[in-house]
A.B. asks: 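Can you keep this structure in mind? I'll have questions shortly.
So that the names make sense, note that chain A is the first sequence line, chain B the second, and so on, each numbered from 1.
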Amino acid sequence: MSLLSITGLSLSIAGAPILRDVSLSLTPGEVVAVTGESGSGKSMTALAVMQLLPPQSEATGTISLDGHEMLELDETTLCTLRGDLAGMVFQEPMTALNPVQTIGDQVSETVRLHRPELNPQRRAREVLDRVGLESIPLSRYPHELSGGQRQRVVIAIAIACGPKLLIADEPTTALDVTTQAQILTLLKRLAAEDGMGLLMITHDLAVVAEMADRIVVMRHGEVVEAGDTPALLADPQHPYTQALLAASNHRVDLPGGAEQAPLLRVQDVVRDYTLPRTKLFVPAGTHRAVDEVSFDVKRGERIGLVGESGCGKSTLTRAILGLEPVQGGSITLDGTPVTDPSVRRKMQVVFQDPYGSFNPRHRVARLITEPFHLLDTPPTDREERIAYALTDVGLSPDDAQKYPHQFSGGQRQRLAIARALIIRPELVIFDEAVSALDVSVRAQILDLIADLCRQYDLTYLFISHDLSVVRTITDRVMVMQKGRIVEAGQTEAVFSDPQHPYTRQLIDAAPQLPPHETTRARSLP
Amino acid sequence: MLRYTLKRLVSLAISLAIASLLIFAVIEVAPGDPASFMLGINAQEDTLAALRAELGLDQPKWQRYLSWVGGMLQGDFGTSYQYRTPVTQMIADRLWVSLPLALYALTLSTIIAFPAGIYAASRRGKAGDVGVMGATQVGIAIPNFWFAMMLVLIFAINLRWFSAGGFAGWDKGGWAAMKSLTLPAIALALPQAAILARVMRSSLLDVLDEDFMRTARAKGLSRGAALRRHGLRNAMIPVLTILGLQFSFLLAGGIIIEQVFYLPGLGRLIFQSISARDLIVVESVTMLLVFAVIMVNFLVDLAYAAVDPRLRART
C-alpha cells in the first residue's frame, strides 16, 4: 500500500506547462529521491504534493496522500493536513525561519495547530532534542544559530507532529560538506525510526546515491527514468540519466602547466578582525580570520583552495585582491605588493553568482570591457577584442549588443569569464565560480576553463567547497581550516592519500557517486 | 537591551547638545535687534540700552547660551520680547492643542492605514489591491488645505456636525476639545494614512516573498494566519520609521491646517513669532520641536529593538 501516489500529474502556471504526466509513488519508510536540473519541475512536484503551488497554477491528474486526494481538497482541509500528515524541509535554512520569533515558538506553533492536546513547549523540547539540538534553549532566535543548526530546527518543525511523509527540497544544498553529511544522516535516521516516507528533491545525484531506495530522474517537467538506486546508477537506461551521471563525475583534460618562478607570493599573512567591545574599559578583542598563511603560485599553475564556510578562504581571497588590509605578512604579485593599484590590472575575478555580478542595465559590450578602465591606454581595437573574448568563451560576437537577462546562468558565467580574461590578466581568481550551476552546465564551464588553459596558459586560484570540482580542475590544492592551511600538495596526492584529519573528514563527508563504465566519456545530448 | 537603550540615550544627549548650539548660533546671526523692534524706530539710545540690559542681550554670547540652556533645563524658556509673558506658559498653552492634535491625527492615520495596507497586500494584484492603491494615490495628491476646506464645507457648513474652526479649550471638558480637533485631525491624517498604507503594503509584500512565509504555510497555517503571525512583525521596521517621521511632522507641520481651522497651535505661534522678531520664542519652540523629533527617534529605535531581536544583539 503506497503512502503517496502521484499519477498523471500535469501542471501549468499562468498557461505555461511546468509538469507533464508525472507519476511516482512512495511507500511508508521508503526514501525516494527526485532529481534533475533546474527547471526540471522537481520542486514543483514537491510543492504540488503540499498544494503550496504559486498562484495561477492549474494541476490535473491525481495526488493521493494516505487516502486523501490532495487536488480535490479545499484549502481549510489542506491546512489541517499540512504540517500534520506531511512535513516539508526547504533549501535555505538561513531564511526559512522567522527571524523575529524564538525557535521554541516556531516549533511549538506546529504542535499547537495540530495537536492541541499536547503540551507544545514540552513537545518542542522533545523534537529539538531528537534532531540533535539538546544544548540549544527554546528561547534562541534563528540568527543565533549556525546554518546546520537552523536546518535542524526546520526539520524539527516538519516532524513535530509525527508526519507520515517528509518532503525535503534540496535540504543540504546550502550547507558545507560535513554539515551536509550530518543532515543527511539525520533525515535518514528520522525516516527509519518513525517509518516515515521521505521524498528527497535534489539536483545532486551523489547526495542521494547512498540514502535513496529509489531514484526518479526528471527533465523538462517529465519523468525520464525511475528505478531502484543501485540498478539505476549502475545501468542508467535513458541517455539523459547517463549524461547527468557523466556530468556529475565530469573530468576535464588539463594541459601540463609550466613551472616557473612564483607569480603570486603569499607570506605569513595575518588578518585580524576587531570584535565589537563587550565591556567599556576592556580593549576590544580580535578574531583571527587568516592565520600566518604562506604559499606561492607559480606562473601557469592551477591551484585550488578548499574549506568550509567561515574557514577564512573568502578573507584570504579579498586580501589577495588587495581589498582587505592585512595585519602581518605580505602578498606580492610579480614582486609588487597587491595593494599597489598597478597590480589590479594583472588580476581578475570570476564570482559565484552569475545573476548578481552584472549591472542589468548595461549591454554585454560595456560589461565585458569594464577591465579596460584599469589600463593606462584603452585599446584601440575595442570591437575586435570584444568579438575575440566572446568567441573564446563559446558565445557569438553578436551577443555584444544584448543585455545580461537575455542569457542563461551558464552563459552569464561565460560572460564573467570573458570579462575577466579580456585584458589578459596574469592571475585569475575563480571564487566558487561554478557552484551555482547545474551539473551539465558546470561540466561545460569546466571544459571551457580547461580549453582556455590550453590556449592562454592561465594561472588561477580556484576557490570552492566542492571537492570533486577542485580535484579535476587544479594541479595543486590547499585545504584551509580555521584560518590556517592545514594541508597542501599535488591535487591527486592530497585526494588519494590525505594526511591531515580535517582533509580526511572533508573527503569522507563529500557525497560520491559509485564509479561506472557507462558514465564515462559521454556528452550531453 | 539595556546596553542598547543606554547607547541610544547617550546619542540622544549628544544630538540635543549639538542642536541647541546650532539653533542658538543661527538665531544669533539672524538680522534684527529685538530691543529696537519692541521700542519702535524712534526709541532713544539709552532706553534701548536699558532694555537690552534688562533682556540680557548685552552679555557675552557664551554666557547667554549657557543661561538659555540652563533655564530650559529648569523649565524656564525666558520671557517673550513681544508679549512680555513667560515663553514656557505660551508654549504650554499651544502644546495643549498641538500635541493632542498630532496624536489624534496619528491614531486616525494608523487606524486607516494598517488595515488598508494589510488588505491590499493580501489581495496583491487583484481588484481590492488596485482600489486601495488608487485611493492612496488620490490621498497623497490632494493638497491638505483644500481637503480641509472641503471638510469644513461639508461637515461644518452643510451638516453642522462640527464647528468650522477655533478651539473649544480643555476647560469645557475633553469631549468639546476633541470635537473641535476632529476635522483638523482628519485633514492631517488622510495624506499621512495614504503614505503609511503604501509603506505597509510594500513592506508586507516583501515579507510575503520570504522563505519563512512558505515554512509557515507548510506548517498548516492558512494564508491569513501566516500573514498575521509571521508577516506583520517582520514588516514593521519600515512602517515604524515612517510613523516616527510623521509624528514629528504633525507636531509642527500643521501650520496650514492650524490656519484653516484657526487653531492656536505651535505652528501658528512660531509663524507669528518669526514675523514679530520674537527670537526667544522662535528659539524655544524650535528647540522644543528638535527635542520632540529626537525623542520620537529614540522611541522608534527602542521599538525597532522590541520588534527585531537581531538589533538587540548587535547593540
A.B. asks: Roughly how far, to the nearest 0.5 Å, is CG of Asp105(A) from CZ of Arg229(B)?
C.D. replies: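 Answer for the CZ-CG pair, Arg229(B) versus Asp105(A), is 11.0 Å.
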
A.B. asks: In Å, rounded to the nearest 0.5 Å, how long is the span from CD of Glu92(A) to CD of Glu210(B)?
C.D. replies: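 Nearest 0.5 Å value for the CD-CD distance: 11.0 Å.
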
A.B. asks: If you look at every heavy atom in Pro309(B) and Val100(A), which pair is closest and at what distance?
C.D. replies: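 Smallest interatomic distance, heavy atoms only, reads CD-CA, 3.6 Å.
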
A.B. asks: Gly231(B), Gly220(B), Ala225(B): which one forms the most heavy-atom pairs within less than 4.5 Å of chain A?
C.D. replies: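 It is Gly220(B).
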
A.B. asks: Quick one, Glu109(A) with Leu221(B), criterion side chain to side chain contact (heavy atoms under 4.5 Å, CB included). Give me CA distance, side-chain angles, the key distance, then yes/no.
C.D. replies: CA-CA 9 Å; Glu109(A) 186 175 33; Leu221(B) 288 174; 3.5 Å; yes

A.B. asks: Got a second to check how far Thr215(B)'s OG1 is from Leu52(A)'s CG, nearest 0.5 Å?
C.D. replies: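 Interatomic distance, Thr215(B) OG1 to Leu52(A) CG, rounded to 0.5 Å: 10.0 Å.
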
A.B. asks: Considering residues, nucleotides and ligands other than Gln56(A), do more than 12 of their heavy atoms fall under 6.0 Å from its CD?
C.D. replies: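 No, the 6.0 Å shell around CD holds no more than 12 heavy atoms from other groups.
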
A.B. asks: Would you compute the distance between atom CZ of Arg217(B) and atom CE of Met88(A) and round it to the nearest 0.5 angstrom?
C.D. replies: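 Arg217(B) atom CZ to Met88(A) atom CE measures 12.5 Å (nearest 0.5 Å).
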
A.B. asks: Closest heavy-atom contact between Lys219(B) and His114(A)?
C.D. replies: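 Answer, listing the atom of Lys219(B) first, then His114(A): O-NE2, 2.6 Å.
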
A.B. asks: Identify the two heavy atoms, one from Cys79(A) and one from Ser222(B), that lie closest to each other, and give their separation to 0.1 Å.
C.D. replies: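 Reported closest heavy-atom pair: SG-CA, 3.6 Å.
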
A.B. asks: Between Gln106(A) and chain B, which part of the residue has a heavy atom less than 4.5 Å away: side chain, backbone, both or neither?
C.D. replies: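 Both parts, backbone and side chain.
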
A.B. asks: Answer yes or no: does atom CZ of Arg140(A) have more than 12 heavy-atom neighbours from other residues, nucleotides or ligands under 6.0 Å?
C.D. replies: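 Yes, enclosed.
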
A.B. asks: Is it the case that atom CZ in Phe114(B) sees more than 12 heavy atoms from other parts of the structure closer than 6.0 Å?
C.D. replies: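 Enclosed: over 12 neighbouring heavy atoms sit under 6.0 Å from CZ of Phe114(B).
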
A.B. asks: Side chain, backbone, both or neither: which part of Leu97(A) has an atom under 4.5 Å from a heavy atom of chain B?
C.D. replies: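 Just its backbone gets close to chain B.
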
